[in-house]
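Okay, so here's the structure we're looking at.
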There are 2 protein chains.
Amino acid sequence: MLKLTKKADYGLMALKFLAEHPERPALSAKDVADAYGIPAQLLAKILQQLTRSGLLRSTAGMNGGYALAREARSISAYEVILAIDGPFFITSCTKGKTGCELTTNCTIKEPLARVNETIAGVLKSISIQDLAEHEPPAARERNARELVALKL
Amino acid sequence: MLKLTKKADYGLMALKFLAEHPERPALSAKDVADAYGIPAQLLAKILQQLTRSGLLRSTAGMNGGYALAREARSISAYEVILAIDGPFFITSCTKGKTGCELTTNCTIKEPLARVNETIAGVLKSISIQDLAEHEPPAARERNARELVALKL
DNA sequence: TATTCGATGCTCAAGCTGACCAAAAAAGCG
DNA sequence: CGCTTTTTTGGTCAGCTTGAGCATCGAATA
């Protein structure tokens, strides 16, 4: 449980792949799919979604494909997951502003909401560039600082 | 996405409820279900699972029911979720020791695995007692320390 | 013995995954 | 200039896994 969907996984892989090949002006969905052995049709749809969200820039036609719309350093894993799977919440009943309509005290939400913020904070502190590099020491320190700053 | 199941939610609610009523020797599944308005049959199954995992102690027969097997302070949210939903992993392909069989470099797993550890650490640092108390300031500090100790 | 409660198995619905197909767009070539 | 190729875009649909919920049987105590 608590795992993110395959779509989000594929999306992160694709962005990582794009970040690793900055020399290419654009990579097609098929290129990425072949590189990782993931279903091409599904990946195409994911990339479209990321394009609509403004994370990617698409070029149709020959030698077209997808490219990062921004710097790899400035795109966080949080944005990617958010664009693909929508807003996530730890608690299953945190929908909109209505909150939990369970009768009396659903007080477990309050501590879990803080867990939710923590996860979001961690994901925000991880950039696509961090994924492209292996074992990024800079990211570690940044994450630790970020977490403390969250005042969890 | 990334939300824990209703079962885990219900389980946490039930344990919280039990922790809030230490004067009662045992509370039936129906009592808890009525208190929160959750399906009784489903909750019963969850409580049975928690009993098998050793988190609860059950008493059959009249005036029977469930009680915490240990102190509320010593039961973490992590244990509850683990008992109900099994081991969770952020990455969808982290199954067993085989790891990711996707062709070449599935290097996004490594940073995400660290996120996974962080989440587990946060959940481990939250006890049932913390859920029962509202706005626990002690838990906050403990969490922050725990996170830094994780060396994320 | 009878009531209360826990344990087990089963069915239904929903979301996710993955694939197929057709259409539009843009670049290259004759 | 028009045709072809490559690639994005959009829609639809079947298969499957998983979770949610229900009904029934079994066990223990008064």
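Chain letters run A, B, ... following the sequence lines, proteins first and then strands; every chain starts at 1. These numbers were taken from a predicted model, which means no experiment stands behind them.
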For the pair made of CG in A:L50 and P in D:dT8, what is the distance, rounded to whole Å? 13 Å

How far does CD1 of B:I81 sit from NZ of B:K7, to the nearest 0.5 angstrom? 14.0 Å

How close or far is atom P of D:dT9 from atom CG of A:L56, stated in whole angstroms? 10 Å

Nearest whole angstrom, please: distance from the P of D:dT8 to the CD1 of A:I46. 14 Å

Atom pairs under 3.5 Å: protein N/O with N/O of nucleotides 5-11 of chain C:
| unit_1 | atom_1 | unit_2 | atom_2 | d |
| --- | --- | --- | --- | --- |
| C:dA7 | OP2 | B:Y66 | OH | 2.9 |
| C:dA7 | N7 | B:Q48 | NE2 | 3.2 |
| C:dT8 | OP2 | B:R52 | NH1 | 3.1 |
| C:dG9 | O6 | B:K45 | NZ | 2.1 |

pair B:L68-B:L56: side-chain heavy atoms closer than 4.5 Å: yes

Atom CG of B:L43 and atom P of D:dA20 are separated, to the nearest Å, by 13 Å

In whole angstroms, how far is the P atom of C:dC16 from the CG atom of A:D9? 15 Å

Are any of A:Y10's side-chain N or O atoms less than 4.0 Å away from OP1 or OP2 of C:dG18? yes

Taking atom P of D:dC16 as reference, at what distance in whole Å does atom CG of A:L42 sit? 17 Å

I need the minimum non-hydrogen distance between B:I46 and B:G11, along with the two atoms involved. CG2-CA, 3.9 Å

Counting only heavy atoms not in B:R70, do more than 12 sit closer than 6.0 Å to its CZ atom? yes

Do you know the tightest heavy-atom contact between B:A83 and B:L55? CB-CD1, 4.1 Å

Close side-chain approach of B:R73 and B:I128, heavy atoms under 4.5 Å: no

